[in-house]
Number of protein chains: 2
Amino acid sequence: MTEGPRPRPTLRDIATALGLSVNTVSRALGDKDSVSAATRAAVQAEAARIGYVPNTLARSLVLGSAMTLGLVITNPSNPFYAQLISSIELRVRAQGYSLLLLVTDESVENEQRATEALLRSAVDGAVVVPVQAEWDHWRRVRDSGIPLVFVNRDVPELGCDMVGVDYERGSYEATSHLIAGGARRLLLLEEDLPITTTADRITGFRRAMADAGLKVSDDQVQAVPTKRYDSLALPWQPEEAYRFAQTLLTDAHPDGHPDGFVTGNDYFALGLLRALAERDLAVPGDVAITGYGDHPYAAYLQTPLTTVRLPAAEVGTTAVDLLLQRLRAGTERPRKTLIRPELVIRASTGGPPALTNRQEQPSSTPG
Amino acid sequence: MTEGPRPRPTLRDIATALGLSVNTVSRALGDKDSVSAATRAAVQAEAARIGYVPNTLARSLVLGSAMTLGLVITNPSNPFYAQLISSIELRVRAQGYSLLLLVTDESVENEQRATEALLRSAVDGAVVVPVQAEWDHWRRVRDSGIPLVFVNRDVPELGCDMVGVDYERGSYEATSHLIAGGARRLLLLEEDLPITTTADRITGFRRAMADAGLKVSDDQVQAVPTKRYDSLALPWQPEEAYRFAQTLLTDAHPDGHPDGFVTGNDYFALGLLRALAERDLAVPGDVAITGYGDHPYAAYLQTPLTTVRLPAAEVGTTAVDLLLQRLRAGTERPRKTLIRPELVIRASTGGPPALTNRQEQPSSTPG
DNA sequence: TTGAAAGCGCTAACAG
DNA sequence: CTGTTAGCGCTTTCAA
């Protein structure tokens with residue numbers, strides 16, 4: 001119990017114990033065919049006996065590959081990213097790689113430090129959810145020969161592979177759905193981050209409105225002011241949308257109050273629902289609402305929430321697959337993949353009041 | 001653009017360029033004082049010019065430390081664990097270490113493979129949320145000299161450091177709170193995993209009941225049958241608690257229907273709320289409810305949920321600190337720390353109907 | 001089939 | 001202050 005940990009066994013320990021050369025032991029363990037069956041058996045027995053575990057560090061140094069991939073992500077507390085982490089880790093591990101995790105918290109500075117870490121650790125490649133504000137540091141990583149796959153948000157300037165969600169389409173469908181349900185005075189509540197996902201949803205909203213022959217004034221697209229993103233706390237604060245909506249609903253609306261809200265985030269929908277309830281506005285009677293993300297609680301709100309379900313697992317595994325392909329194959333053109341999200345219709349837009357069965361969820365679970 | 005990535009620069013590149021020895025370059029970059037100012041400046045300039053980044057692999061090999069910690073966790077989609085990941089990653093990075101992530105998905109088999117990976121990667125230590133069903137593989141890791149800190153769940157047999165939450169106390173307080181509010185026929189809805197967190201909550205429930213002079217029959221402690229844990233999907237399915245509660249509320253209750261529910265999980269509370277609403281039972285009028293976890297939505301449900309808030313960030317940073325201390329100091333007695341959770345009282349137990357302000361949340365944010 | 005030698009990139013110990 | 005030597009643990013030549 002108090003006995004200090006012995007230094008971990010090496011190939012040499014096995015070699016000397018068996019009167020062999022380090023080299024032979026290495027080959028015996030490596031399943032090369034240039035070793036006699038007897039030797040191999042002896043080596044393996046001795047290895048097992050002393051609990052030999054190969055030293056990846058030394059192995060990587062000579063092989064020139066650490067068999068490690070990096071995952072650079074903004075905020076694990078965002079359920080979408082949490083699922084992404086799971087699916088990526090699973091796939092990476094299944095392919096025999098290790099996963100180095102770096103959290104950026106939407107900070108460019110953290111991201112720059114993350115790239116340093118990737119470089120130093122000599123990862124073979126990285127899956128990245130970029131902050132998007134700057135990307136010179138990513139250029140440096142790419143130029144040093146580390147393949148990158150951007151996830152959820154692209155950095156087109158770098159010409160790397162990319163896997164994302166078709167946010168524009170999701171937003172388009174949500175908006176169209178509200179319009180089809182009779183809403184005319186729509187309002188979009190969006191995140192106020194300078195990222196393409198938000199921009200894409202705005203585009204989808206505008207396009208749906210245009211396709212329906214509805215005009216969009218500037219005050220129909222609102223950015224909910226958000227405190228500094230903090231992955232130690234929540235991904236988003238429902239409270240911010242709540243306060244924002246309180247004001248919004250108090251303001252004079254020359255053309256009448258909004259009768260439909262598209263939100264860029266289920267948390268916004270949550271805050272909004274509260275604000276509406278306080279003003280005795282019925283959902284979906286007076287106002288219809290869509291969320292975005294299909295968070296676990298969405299189906300279980302008093303008024304189950306119509307929302308856009310994101311294919312997190314599929315995005316994650318696709319990203320890893322792209323990365324590994326590029327690791328093997330050489331230089332091809334960058335591939336950009338957008339995976340289609342799914343509008344889940346529930347009571348908040350007049351859908352069935354009963355809960356939407358979670359088991360419908362398409363299983364993109366690998367293996 | 002099509003130019004292949006040059007091999008990454010090494011110390012030797014700098015040395016030959018400057019007509020110095022590799023060793024001198026190493027010292028110049030390493031800020032040792034045994035280098036002339038001029039040489040150091042020249043070396044640093046050249047290093048910057050060619051974009052030299054030290055190779056951690058080689059460095060680790062000779063130094064005998066990879067400056068890497070492992071994080072073995074069950075399910076990132078559980079908001080508590082998501083916050084744990086963030087806080088741990090932040091702290092680990094702040095201390096100059098890298099973080100290797102392994103997800104076990106509550107599977108012993110995955111956990112065993114994870115320990116292999118930790119051993120091979122030669123991590124300096126690991127923060128572990130153990131599956132708890134078996135632990136021989138952890139013994140092996142510990143015996144090979146890799147310090148372990150168990151988080152949230154302990155494996156007392158191994159005598160490692162441990163940081164957790166005082167689940168028993170949280171449960172005790174929630175139960176006592178319900179009793180104080182007048183509830184007498186209480187029911188506990190718990191997870192059906194064979195883990196200590198669940199067991200501790202059951203203990204807390206029983207103790208609170210006993211302290212109030214209330215008897216607890218076997219059918220007052222119920223385990224909600226759960227599908228195989230799947231970190232690719234949800235941490236828990238509200239639906240399971242919903243269906244379970246449906247049955248529960250239909251069953252005959254000789255002593256009258258329950259008037260208070262303690263749940264081991266906010267998701268269970270969510271499903272339960274739905275089932276109660278469908279039977280026109282008012283919360284908290286007919287039935288009072290407590291959740292566990294204070295998930296982001298808890299404050300924003302139609303009936304804001306009284307729940308137990310978990311100190312995730314504090315647990316995470318404490319775990320890393322313990323691990324690093326042990327890495328530096330030698331063999332002390334294992335330290336076990338339970339951090340106290342906080343009962344947040346809301347409308348589901350007759351608390352204020354207005355939202356509980358999230359900003360009250362104690363900030364255990366480091367640095 | 002096995003061994004000897006060389007080297008991955010870096011740092012520590014010792015000379016000079 | 002700087003260079004030489006040695007070695008971390010492993011794998012890949014090349015001989016024997």
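The chains referred to below are lettered A, B, ... by the order of the sequence lines, with proteins before strands, and numbering in each begins at 1.
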Please tabulate, one pair per line, each protein N/O and nucleotide N/O from nucleotides 14-16 of chain C that are separated by under 3.5 Å, including the distance.
none

### Task
Check whether any side-chain N or O of S26(A) sits under 4.0 Å from OP1 or OP2 of dT11(D), and answer yes or no.
yes
### Summary
Of the candidates dT2(D), dT2(C), dC10(C), the side chain of Y52(B) sits closest to dC10(C)
### Summary
Of all heavy-atom pairs linking A82(A) and P76(A), the shortest is CB-O, 3.5 Å
### Query
For R12(A) and dC8(D), what is the distance between atoms CZ and C1' respectively, to the nearest whole Å?
10 Å
### Task
Give a yes/no on whether any side-chain N or O of S36(B) is located under 4.0 angstrom from OP1 or OP2 of dT2(D).
yes
#### Entry: Contact list for DNA chain D against residues 115-124 of chain A - heavy-atom distance below 4.0 Å
none
### Query
Can a side chain N or O of S21(B) be found less than 4.0 Å away from OP1 or OP2 on dT2(D)?
no
### Query
When all nucleic acid strands are considered with a 4.0 Å heavy-atom cut-off, which category describes T10(A): base, sugar-phosphate, or nothing?
sugar-phosphate
### Query
Considering only heavy atoms and no angle criterion, is a donor-acceptor pair shorter than 3.5 Å present between the side chain of N23(B) and the base of dT4(D)?
yes
### Nucleic acid contacts of residues 60-69 of chain B, taken as heavy-atom distances under 4.0 Å to DNA chain C
V62(B), L63(B)
### Query
When the nearest nucleotide of DNA chain D is assigned to L20(B) and to A58(A) on a heavy-atom basis, which residue is associated with the more 5' position?
L20(B)
### Task
Take atom CD1 of I50(B) and atom C1' of dG9(C), then tell me their distance rounded to the nearest Å.
13 Å
### Message
Is it true that W138(A) and E111(A) share a donor-acceptor pair across their side chains at a distance under 3.5 Å?
### Response
yes
### Task
Rounded to the nearest angstrom, tell me the gap between atom CG in L57(A) and atom P in dG9(D).
10 Å
### Sidechain-backbone polar pair: T317(B) side chain, A313(B) backbone, donor-acceptor under 3.5 Å
yes
